[in-house]
Protein chains: 2
Amino acid sequence: MGVNMRDIATAAGVSMGTVSNVLNHPERVSPKLVERVQSHILRLGYVRNDAARQLRAGRSDTVGLVVLDLRNPFFTEVARGAELRGEEHGLNLMVTNSDDRTYRELTHIDRFEEQRVRGVLITPTPGGMERLHRLRDNGTPVVLVDRESRDLSFPSVSVDDVAGGYLATKHLLDSGRRHIAFVGGPLSIRQVADRLEGAQKAAAEVTGATVEFLGTPGLTVGAGRDVGRTLCERDAATRPDGVFSANDLLAVGLLQAFVMIGKLAIPDDIALVGYDDIDFAASTVIPLTSVRQPAEIIGATAVDLLVEIADNPTGTHDRVVFQPELVIRDTA
Amino acid sequence: MGVNMRDIATAAGVSMGTVSNVLNHPERVSPKLVERVQSHILRLGYVRNDAARQLRAGRSDTVGLVVLDLRNPFFTEVARGAELRGEEHGLNLMVTNSDDRTYRELTHIDRFEEQRVRGVLITPTPGGMERLHRLRDNGTPVVLVDRESRDLSFPSVSVDDVAGGYLATKHLLDSGRRHIAFVGGPLSIRQVADRLEGAQKAAAEVTGATVEFLGTPGLTVGAGRDVGRTLCERDAATRPDGVFSANDLLAVGLLQAFVMIGKLAIPDDIALVGYDDIDFAASTVIPLTSVRQPAEIIGATAVDLLVEIADNPTGTHDRVVFQPELVIRDTA
DNA sequence: GCAATTGGTTGGAACGTTTCAAGAAGGAGC
DNA sequence: GCTCCTTCTTGAAACGTTCCAACCAATTGC
């Protein structure tokens, strides 16, 4: 199948080198030949073979992105930002999701390495870090997304999650809440741990304030619903009066449970703050107070960082940290 | 950069053919050699070069997916279904989105063709059909997603959108509504046109029922909000008593406007039915009545179809049509 | 003991580009 | 008419795989 460069060369009565030049360096070829070759390309429907180009070039024009969860609108926005910015650099983006499973993440990284991608953008699971070091040492640039490397050995673009957690919790405390519940998990996800840390920091500043940790297996609507139900069953004494959830998906689930069961008034009996400010946060049963992160910009910045270190691998690693912002609506 | 097969062959004192066999057909190689070669592969950190494999093989293991809008959870689910099913077939998925712009769609198709992808799954814009025919005629299998080809010349997996529109509208009519507004657009998107057609069909069966078409530039939350505001400004006489929106994003926007302005009671003054039954539909201010489509299954089925026609290109084209299902909640 | 068979290994061609040194053609200067 | 420049164009060598015909031993059959 397929017309190749040789066919074009033969048809146009020129050498393959000339066809290649017409395609890649038209200025080196006389105008009349350019036109002749072009017409044959069109006539025969030639499509260049990317595999061959890559093989010759030794690298591809693809950037790999591994996100934790594609169903989370936050990551969709990140991907969108990365895709658009990548287009500007002539790069295309390959999006995959790990579902927070290390083995899936490793598979994706292997694939990317086999494809000699230009670089990898990733929100890693803890188990994947070692592999990432190897990937980087083998020459593939790596940028961490929404996650800083503990030892600062990778460039990263992230949001200050501790600050975000602090912001959310402080808002709850400011409205008089003292028994705060943090809903989220697993703690192996760095963002979750950081947001919890921020919450604890805020609580430490207020006498009498406590943070109760309510772990979840994941950051999904369903997990939030489950926790919401158990909270409704508690009596007023042991029930938290403020809930901060690690992301909006959880918050949506919590809210669903609260409203469905109908025992608790929001925000009077129990206040709720989410995280990410996804598009839907404004549209929930009771519009959700949430912490906003500049998702699309994060994706775009990650690509910029990648391009930068690809051009200049020896430079010190940039770490971009965005500050989150509290968006107050009706749940807290 | 990079260890290649020749390095392994030299190190292990065997030919490249043997190394290749260890990698691809271990059963052809004696156990002791397999082990020896493997150890050198591990020691030297050899990673195979996908470009070279592809060049040799003449095709890639990648399937391209072009969706209309990645921020729409419906398409995210489709992508997820396709990705998972693809993994089972040893294929990886490259997701791109066209944002309903033909030029972006064409760029993606060009890329996919250059990459000699195994096939393309696409929800096409009208302007892209001609290009798709050429792609297909050049030998790349194409499967339409959530869209049937008018002339049945492409295999497709879709949902009966006319039936979905009928279902939604009938439900509104059954509860006594007579002045139905259809919110959606552009009509160049087939799904939108079909859902409208279904709505009109349902209305035609009831005397006195009318369908008013309220066009939008896109299927986003923002567009829904705009329409919602203008509807609130109408007086009771000209205002529709039932609204059917072409997707849930629009419905969420409409709902936001209705609730924010607070002039209309839902569903008493105005009832609302959405489409797609995205995860968030259950969590909106007033839980949304919507038409459900099996998004993840659609993606998975598309991959199956692709694999099928790749194996047997001469067979007649399969067209899978799923039936939508009405999910009744509180807005209608 | 010789031919035929089996199981394992080898060498080299092919996949379709890009690149680059070297060649050809056409002018300009003297 | 000769040399010396330009300006294009060419031919062939990579890039790193996979595949396949040929080869080589070691069995087996008779």
Side-chain angles (χ1 to χ4, degrees), chain A residues 1-38 40-41 44-62 90 110-111 113-118 138-139, chain B residues 1-38 40-41 44-62 90 110-111 113-118 138-139:
Chain A
M1 162 209 130
V3 180
N4 60 20
M5 257 181 49
R6 179 171 3 263
D7 297 336
I8 302 295
T10 313
V14 296
S15 74
M16 284 172 53
T18 299
V19 177
S20 174
N21 280 332
V22 168
L23 254 24
N24 303 303
H25 310 279
E27 77 283 359
R28 293 186 193 161
V29 181
S30 64
K32 61 171 184 290
L33 259 197
V34 170
E35 202 191 346
R36 186 159 101 225
V37 171
Q38 292 276 27
H40 284 282
I41 287 179
L44 298 178
Y46 167 72
V47 176
R48 51 182 177 188
N49 185 316
D50 202 47
R53 302 188 73 195
Q54 275 187 43
L55 174 58
R56 186 69 237 264
R59 64 173 188 180
S60 86
D61 288 333
T62 299
D110 286 349
R111 281 254 217 218
E113 191 170 20
E114 289 182 1
Q115 293 181 59
R116 303 291 190 269
V117 293
R118 197 68 141 271
N138 286 347
Chain B
M1 164 210 128
V3 180
N4 60 21
M5 257 181 48
R6 177 167 6 259
D7 298 335
I8 301 296
T10 313
V14 296
S15 74
M16 285 173 51
T18 298
V19 177
S20 174
N21 279 333
V22 168
L23 254 24
N24 303 302
H25 308 278
E27 77 284 359
R28 294 187 192 160
V29 182
S30 64
K32 62 171 184 289
L33 260 195
V34 170
E35 203 191 345
R36 186 158 103 223
V37 171
Q38 292 275 27
H40 285 281
I41 287 179
L44 298 178
Y46 166 73
V47 176
R48 51 182 178 190
N49 185 316
D50 201 48
R53 302 189 74 194
Q54 276 188 42
L55 174 57
R56 185 68 238 262
R59 64 175 188 179
S60 85
D61 288 333
T62 299
D110 286 349
R111 282 252 218 216
E113 191 170 20
E114 289 182 1
Q115 291 181 55
R116 305 291 191 270
V117 293
R118 197 68 141 272
N138 285 347

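In the text below, chain A, chain B and the rest are named by the order of the sequence lines, each starting its count at 1.
You'll find that the side chain of B:Tyr46 is closest to D:dT17, out of C:dT17, D:dT17, C:dT9. Distance from the side chain of B:Ser30 is smallest for C:dT9 among the nucleotides D:dG11, C:dT9, D:dT17. With D:dG11, D:dT17, C:dT10 as the choices, the nucleotide that has an atom nearest any side-chain atom of A:Ser15 turns out to be D:dG11.
Listed pair A:Thr18 / D:dT10 meets the phosphate criterion, a side-chain N or O lying under 4.0 Å from OP1 or OP2.
Using a distance-only test at 3.5 Å, with no hydrogens or angles considered, a donor-acceptor pair links the side chain of B:Asn24 to the main chain of B:Ser20.
The nearest whole Å value for the distance from the CG atom in B:Asn49 to the C1' atom in D:dG16 is 6 Å. Across the protein-nucleic acid pair, A:Ile41 atom CD1 and C:dG16 atom P stand 16 Å apart, rounded to whole Å. Protein atom CD of A:Glu27 is 12 Å distant from nucleotide atom P of D:dT9, rounded to whole Å. Between the CE atom of B:Met5 and the P atom of C:dA13 there is a distance of 16 Å, given to the nearest Å. Remark: P of C:dC15 and CG of A:Asp50 are 19 Å apart, rounded to the nearest angstrom. A:Asn4 has its CG atom 5 Å from the P atom of C:dG16, to the nearest Å. Distance, B:Asp7 CG to D:dG16 C1': 11 Å, rounded to whole Å. Distance B:Leu55 CG to D:dT17 C1': 8 Å, rounded to the nearest Å.
Inspection of the B:Glu113 and B:Asn138 side chains reveals an N or O donor paired with an N or O acceptor under 3.5 Å.
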For nucleotides 19-23 of chain D, print each protein N/O atom paired with a nucleotide N/O atom at under 3.5 Å, atom names and distance only.
{"from": "D:dC19", "atom 1": "O4'", "to": "B:Arg56", "atom 2": "NH1", "distance (Å)": "3.2"}

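Between A:Leu23 and B:Val14, the residue whose closest nucleotide on DNA chain C is further toward the 5' end is B:Val14.
Remark: A:Arg111 CZ is packed, more than 12 non-hydrogen atoms of other residues, nucleotides or ligands lying under 6.0 Å away.
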